[in-house]
Amino acid sequence: VFVLVAILVAVYGEVIPGYATTYDVVKSGDGDEVSRGSTVTVHAVGKVKENNYQFWSTRDPHSPFTYQAGVGKVIKGWDQGCLGMKKGEVRRLEIPADEGYGA
């Protein structure tokens, strides 16, 4: 089980081939990478790009989220944006509406 931190907030960064979601590595991690089918535990914060409104957080209250990565169990941008992360890594993801919660 991996423990990761994914901050869902708008930034410009690395492109994920075949997707509009981008990411920026805020803090490097180490160890095994998250791959399709990995069970991972993450902290995440969701914010609206235009006004920085926080609409969701696993930190309030402290309640990390566990899911199976890369198999469509969460929104597409998050699912693809966390693949390749390493334990302890922090990423900022920019997830467009069609790969997130919709328009």
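Any value given below was found using the heavy atoms of this structure, including those in side chains, with hydrogens, waters and symmetry copies removed.
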Applying side-chain hydrogen bond (donor to acceptor under 3.5 Å, both in side chains) to Gln68 and not counting sequence neighbours gives none
To check you understand the geometry: which heavy-atom pair defines the closest contact between Thr41 and Pro64, and what is its length? CG2-CB, 3.6 Å
So how far is it from Tyr53 OH to Lys47 NZ, rounded to the nearest 0.5 Å? 12.5 Å
Determine, step by step, whether Trp78 and Phe65 satisfy the ring-ring contact (aromatic ring centres under 6.0 Å, His included) criterion, reporting the C-alpha distance in whole Å, the side-chain angles of both residues, the deciding distance to 0.1 Å, and the verdict. CA-CA 12 Å; Trp78 187 4; Phe65 182 75; 5.5 Å; yes
I'd like to know if Lys49 and Glu94 make a salt bridge, using a cut-off of under 4.0 Å between side-chain N and carboxylate O. yes
Reported CD-to-OG1 distance for the pair Glu14 and Thr22, which is rounded to 0.5 angstrom: 9.0 Å
Under a 3.5 Å cutoff, is there a donor and acceptor pairing between the side chains of Thr21 and Gln80? no
Mark yes when over 12 heavy atoms from residues, nucleotides or ligands other than Asp60 sit less than 6.0 Å from its CG; otherwise mark no. yes
Are any side-chain N or O atoms of Asp79 and backbone N or O atoms of Val71, one a donor and one an acceptor, separated by less than 3.5 Å? yes
For the backbone of Gly81 and the side chain of Arg91, can you confirm whether one donor and one acceptor N or O come within less than 3.5 Å of each other? yes
Working to the nearest 0.5 Å, report the span between CG of Leu93 and CG of Asp24. 9.5 Å
CZ/Arg59 to CD/Gln54 distance, rounded to the nearest 0.5 angstrom? 10.5 Å
Can you find a heavy atom in the side chain of Tyr67 that is under 4.5 Å from one in the side chain of Thr39? no
Hydrophobic clusters here meaning ILVMFWY residues chained together by side-chain heavy-atom distances under 4.5 Å, can you tell me if Ile95 and Val15 are in one? no
Ser63 side chain to Thr58 side chain, donor-acceptor N/O pair below 3.5 angstrom: no
side-chain contact (heavy atoms from CB on, under 4.5 Å) evaluation trace for Leu83 with Arg36: CA-CA 7 Å; Leu83 291 175; Arg36 291 192 199 298; 3.0 Å; yes
For the pair Glu99 (side chain) and Tyr19 (backbone), establish whether a donor and an acceptor sit closer than 3.5 Å, ignoring hydrogens and angles. no
With side-chain contact (heavy atoms from CB on, under 4.5 Å) as the criterion, how do Trp56 and Val45 come out once you've worked through the C-alpha distance, each side chain's angles and the decisive distance to 0.1 Å? CA-CA 6 Å; Trp56 184 76; Val45 176; over 6 Å; no
Within the distance-only criterion (no hydrogens, no angle test), does the side chain of Ser38 pair as donor or acceptor with the backbone N or O of Val40 below 3.5 angstrom? no
Atom pair CD (Glu33) and CD (Glu89), whose distance is rounded to the nearest 0.5 Å: 8.0 Å
For Asn51, give me all partners under side-chain hydrogen bond (donor to acceptor under 3.5 Å, both in side chains), at least two apart in sequence or on another chain. none
